[in-house]
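First comes the structure, then the notes that go with it.
Note that the structure is predicted; figures quoted are calculated from it, not measured.
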Amino acid sequence: MGILQVTLILATLLCSLVAGFLFAFAVVGMPGIGTLRDREFVRAFQVMDRVIQNNQPLFMLVWVGSVLALAAAAVLGLMRLDSLGRWLVLLALFAYLTGVQLPTIAINIPLNNRVQTLDVDAMDEASLEAARRDFEPRWNTANAFRTGVACLVSLLLMFVLTTV
């Protein structure tokens, strides 16, 4: 097994773990806390997000590692894959950067940071309801999009792995 295959396997694994993480938030995490009242919803999201924002080591390894491994696979693929494989790995990298990482940086993280500034104990019910209304639909929409793209990237990488 060569360096390209090892890099593709690592990129596929890490991107698939990210896809699974986003999928779990989309189908379990957010629907679960979505049943809570506004105060408990905001507090629950703050607690979950704080684990990530405190640079949980395994999460950071997977999240950052997925980008690095996929970029390395694309560079190696340019030199060692056939035309279709090169295009698919480049498409996977482009999709991952623009459809997973960019929405995370441009939408989800700023929304997360805004929620982190809320002092739920000092807020009245109307303020909590407004804060949730400004957060939850946008966050869920962006997360659904990046989940779909992350799953597509994983499928593309699996396909490329079957051709090398």
Do Ile109 and Thr104 come close enough that some side-chain heavy atom pair is under 4.5 Å? yes
Side-chain heavy atoms of Phe59 within contact of Val51, under 4.5 Å: no
Does one hydrophobic cluster hold both Leu68 and Leu161, with members joined at side-chain heavy-atom distances below 4.5 Å? yes
Distance col, row Ile3:CD1 vs Leu10:CG, nearest 0.5 angstrom, shows 9.5 Å
Asp38 with Arg133: basic N within carboxylate O range, under 4.0 Å: no
Linking I/L/V/M/F/W/Y whenever any side-chain heavy atoms sit under 4.5 Å apart, do Val64 and Val75 land together? yes
Within-4.5 Å side-chain heavy-atom neighbours: Val120 and Glu40: no
With the 4.5 Å side-chain cut-off for hydrophobic clustering, are Ile52 and Val115 part of the same group? yes
May I ask you to test the Leu84-Thr163 pair for a side-chain heavy-atom distance under 4.5 Å? no
What's the shortest heavy-atom distance between Cys15 and Leu70, and which atoms? SG-CD2, 4.0 Å
Is Val153 close to Leu157 at the side-chain level, that is, under 4.5 Å between some pair of heavy atoms? yes
With side chains defined as the heavy atoms from C-beta onward, is the minimum distance between Arg39 and Glu125 less than 4.5 Å? yes
Is the closest side-chain heavy-atom distance between Ile33 and Met30 below 4.5 Å? yes
With a 4.5 Å cut-off on side-chain heavy atoms, are Leu78 and Leu90 touching? yes
Could you check Asn112 against Phe45 for side chain to side chain contact (heavy atoms under 4.5 Å, CB included), going step by step and ending with a plain yes or no? CA-CA 8 Å; Asn112 295 0; Phe45 189 88; 3.3 Å; yes
Walk me through it: do Val18 and Trp63 pass the test side chain to side chain contact (heavy atoms under 4.5 Å, CB included)? CA-CA 6 Å; Val18 169; Trp63 193 271; 3.4 Å; yes
From Leu22 atom CG to Arg146 atom CZ, the distance as rounded to the nearest 0.5 Å: 4.5 Å
Phe25 and Trp139 aromatic ring geometry - parallel, tilted or perpendicular at 30°/60° bounds: tilted
Working note: Met123 + Val42, criterion side chain to side chain contact (heavy atoms under 4.5 Å, CB included); need CA distance, chi angles, decisive distance, verdict. CA-CA 11 Å; Met123 296 174 73; Val42 171; 6.0 Å; no
Verify the cluster assignment for Leu97 and Met60: are they in a single hydrophobic cluster under the rule of side-chain heavy atoms below 4.5 Å apart? yes
Side-chain donor or acceptor of Gln116 paired with backbone N/O of Gln46 under 3.5 Å: yes
